[in-house]
Each structure stands twice: as C-alpha cells, then as structure tokens.
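Some notes on the structure that comes next.
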Number of protein chains: 2
Amino acid sequence: MTNHTKPRPDRVKARQLEQNRNLFGRLSAASLASRVQAQRMLKSAGDLSITEWRVLWDLAEAGPLTVTEMAAIQRTDHALISRAIPVMVRKGYVTTTISQADRRASLIELTDHGREVFTRTSVVMSARRAALSRTFSEEEVNTFIGLIDRFEAFVEAPLTENLKTEATP
Amino acid sequence: MTNHTKPRPDRVKARQLEQNRNLFGRLSAASLASRVQAQRMLKSAGDLSITEWRVLWDLAEAGPLTVTEMAAIQRTDHALISRAIPVMVRKGYVTTTISQADRRASLIELTDHGREVFTRTSVVMSARRAALSRTFSEEEVNTFIGLIDRFEAFVEAPLTENLKTEATP
DNA sequence: AAAAATTATGTGACTTGTCACGTAAAAGTT
DNA sequence: AACTTTTACGTGACAAGTCACATAATTTTT
C-alpha cells in the first residue's frame, strides 16, 4: 500500500496544483478568507457580527427597511436577518414596527445609538473597501463582477440544465 | 419617519445596484450558491456531505493522505476533516492508520467500498466540472483565477497593512 | 542530553449560512 | 364573496466553517 508510482510529496503537490484551478474550491476559500478579514475588522472596531454590520449599513444608507428588502440587498437569506434583529433591538441599535402598508412586514429602523455604532464601525469598513479599490482598477472590478455574474448564473441554473449535454455524448 | 427624499422602491433598488459592485458581498453570495449546487448534486448521487466528497476525491486521486495534507489540498481547516473522518470510517469509506513516518499523523486511505462510492458520485461531479468548462474558456478561467489570487492576497494580508494609507490622508 | 518550540490531530464552542415549516396576511382566482 | 395561492417573517434543525485548546510527537535550540 505504500507502493505508489509517485512519492507522497509529489502526489500531494500535484493534487494541490490541480485544485488551484478548481474555480469552485477557489471561490469558496477566497470568500471564507474574506469573511475572516471582515470579522477581524469588525472585532477591532467593536463587537458587531457580519450580519449586524450589514443591517446597520443598509439601514444607514437606505432605511427604514423590511427583512426581505435587506435580505435582497445583501443577497442573503431572510432567516439570518430575522435572527439578528431581536439581538440588535436589545442592544438598542434598531427598532422594529409593523409596516402599515403590509401588516406581515416588520419595518426596521436605526436608533440614534445604532447610528453612532454604524458611524464608528464604518471608519474601518470603508477603509477596507478603499484598500480593495487600490488593489483592483475599475476595469478589473468590472471584469471580476462579470465573471462572478456568469458563475452565479451557472450554479443557479436548474440541475438538469447543467448536465444536459451528458445525455449527448 | 416615512418622509424621505426617495420613495422606498427607489431607495432599495439604488442600494441593491450599489451592492452589486461590492466584491466582498458578491463573492460570498456566489460561493454560497455554488455550495448549494454541490450539495444538491451530491444529494442526487447519494448522501455525501461536501467534506466527505472532497475527502473521497482527494484519496482517489492522491491517497493515502494525512488530515493536514487534505486540508492543504482543499484549502480548508483540518478541524473539518478531522470531524468527517470517524463518520466516514463508520460508513466504511475509509480506513485510518497511524503513520509510521510520523506517529502524530493519521494516514487515511480509501476502502473498496469508498472507491465505489467515489466512482458513482464522480459521475455527477465531473459532469458539473465539464459543464462549467463549457461556460468559461481557458483564458477566462486564467483571468478568474488570477483575480481570485489577488483578492485572496488582499484579504489575507495583515490588518494594519490594509489600512496603512489611512494614516496618510 | 535536556529543554523549548513547533507541529498533527482531535474536540468543543461558536458563527454564518440553508432549508423546512408554521402562522398570518395579502394577492389572485373562481 | 369565498376560496386558493403566494408572500413576510420567525423559528428550529442542520451543515460548513473558524478558533481555541489539549495532548502527544517531532524538531529545534541550548
């Protein structure tokens, strides 16, 4: 069983080189590393979770908002936001009221305290975005976004559509 | 409080358009959608988790391997793999032995049954990769990987390095 | 040779996410 | 108007991930 055509280090290295070109794995790892960066930065500015930061940011930019609206803006699931809201209400960052326009909907709004927390935290988070802007040109961002759009279209297509040419060998 | 400069739908739409160009959010959403696609495909082929599939694939391609080697190949944390191994041993997919070369290390190896499960599952997973290859040219993949490399370098840089120009207004 | 530092792996606690479901409200259809 | 379908959100269960830590083994330093 220890009798292989390549010694271990070469097999492992070869496998790694191969996986370096696996877009699925690469995107996953990059995204998770990005999450860790965000968490560290949020930690350095206070104690907000990523979801809490996103809620504050959306409300500051476009509030008041419903859970569904924020989920759409953030491209996340409403369940995550629903879970964060009571915590943020207790911390005094936001208030929630029943929307008069649609009584199923909760309307979430920044408090003065929430606005302060947003302002303080946005120092480090906008610095993050500014630093990224110095890394990629406008054109490179456009290219990147375009590629991501197409990747997303691929992974979100119905299952059979992705395999359809398998039926045509 | 309902008195705003833009009506709600316009504010929400504007906020969404803005976030469409946020690389952090876009990568996260694309990666998570990719994960859902993988999970669905694995479900359609059997009942492997993503980590289990990755372990089988690595072992089939380059096994036997240690936990750390697989974590490096997959760009994931050893903890995830450590957790999956006992489950996979119980399911009969892999065996684990203490490495003679380093008695701290566990050497993980495919069983015949594991090889079968790999083979059956790889039908749908390689179809997935083939379908993605029809979506992006070789050159586009190179561009994509290059952009991801640079993004990863950015998010993995030490915190102060990313904010350094903040001290130079 | 002994001590100190580093490394491999397993484990627990926690975060971020998905999915399924339930309830109530709204929208659509008959 | 009554019925049916869809939608908003809250909640529970679970998956994939990170981090901290512990233990044992190995490597490096003294």
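Mapped onto DNA chain D by nearest heavy atom, A:S106 and A:R35 fall at different nucleotides, with A:S106 at the one closer to the 5' end. With the nearest nucleotide of DNA chain C identified for both B:V36 and A:L48, A:L48 has the one nearer the 5' end.
Tracing side-chain contacts under 4.5 Å through hydrophobic residues (I, L, V, M, F, W, Y), one never reaches B:L80 starting from B:L65; they form parts of separate clusters. Under the 4.5 Å side-chain heavy-atom criterion for ILVMFWY residues, no single connected hydrophobic cluster contains both B:L32 and A:I81.
Of the residues in residues 70-83 of chain B, those placing a heavy atom less than 4.0 Å from an atom of DNA chain D are B:D77, B:A79, B:L80, B:R83, in numerical order. Against DNA chain D, the stretch residues 84-105 of chain A makes heavy-atom approaches under 4.0 Å through A:R104, A:A105.
Direction change of the helix axis from one end of the helix from C:dA1-D:dT30 to C:dT30-D:dA1 to the other is 30°, with five pairs defining each end axis (rounded to 10°).
Remark: side-chain polar atoms of A:S122 are not paired, donor with acceptor, to backbone N or O of A:M125 under 3.5 angstrom. Checking side-chain atoms of A:R11 against main-chain N and O of B:G63 turns up a donor-acceptor pair under 3.5 Å.
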Would you be so kind as to tabulate the donor-acceptor pairs closer than 3.5 Å made by side chains of residues 88-96 of chain A, with sequence neighbours excluded?
| residue | atom | partner | partner atom | Å |
| --- | --- | --- | --- | --- |
| A:K91 | NZ | A:E52 | OE1 | 3.3 |
| A:K91 | NZ | A:E52 | OE2 | 3.3 |

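Of all nucleotides in DNA chain C, those with any atom nearer than 4.0 Å to a heavy atom of chain B start and finish, going 5' to 3', at C:dT7 to C:dC19. Contact footprint of chain A on DNA chain D: nucleotides with an atom under 4.0 Å from a non-hydrogen protein atom, first to last in 5' to 3' order, D:dT7 to D:dC19.
The number of heavy atoms from other shown groups lying within 6.0 Å of CZ (B:R103) does not exceed 12.
Taking the side chain as every heavy atom from C-beta outward, A:V155 and A:F24 approach each other to under 4.5 Å.
Considering all non-hydrogen atoms of both residues, B:S82 and B:V67 come closest at OG-CG1, 3.8 Å.
By the 30° and 60° cut-offs, the orientation of the rings of A:F151 relative to A:F154 is tilted.
Within 4.0 Å of B:S28, counting heavy atoms only, lie sugar-phosphate atoms of the nucleic acid but no base atom.
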Should B:Q39 and B:R35 be marked as a side-chain contact (heavy atoms from CB on, under 4.5 Å) after you check the CA-CA gap, both sets of side-chain angles, and the distance that decides it? CA-CA 6 Å; B:Q39 282 170 333; B:R35 182 202 286 178; 4.1 Å; yes

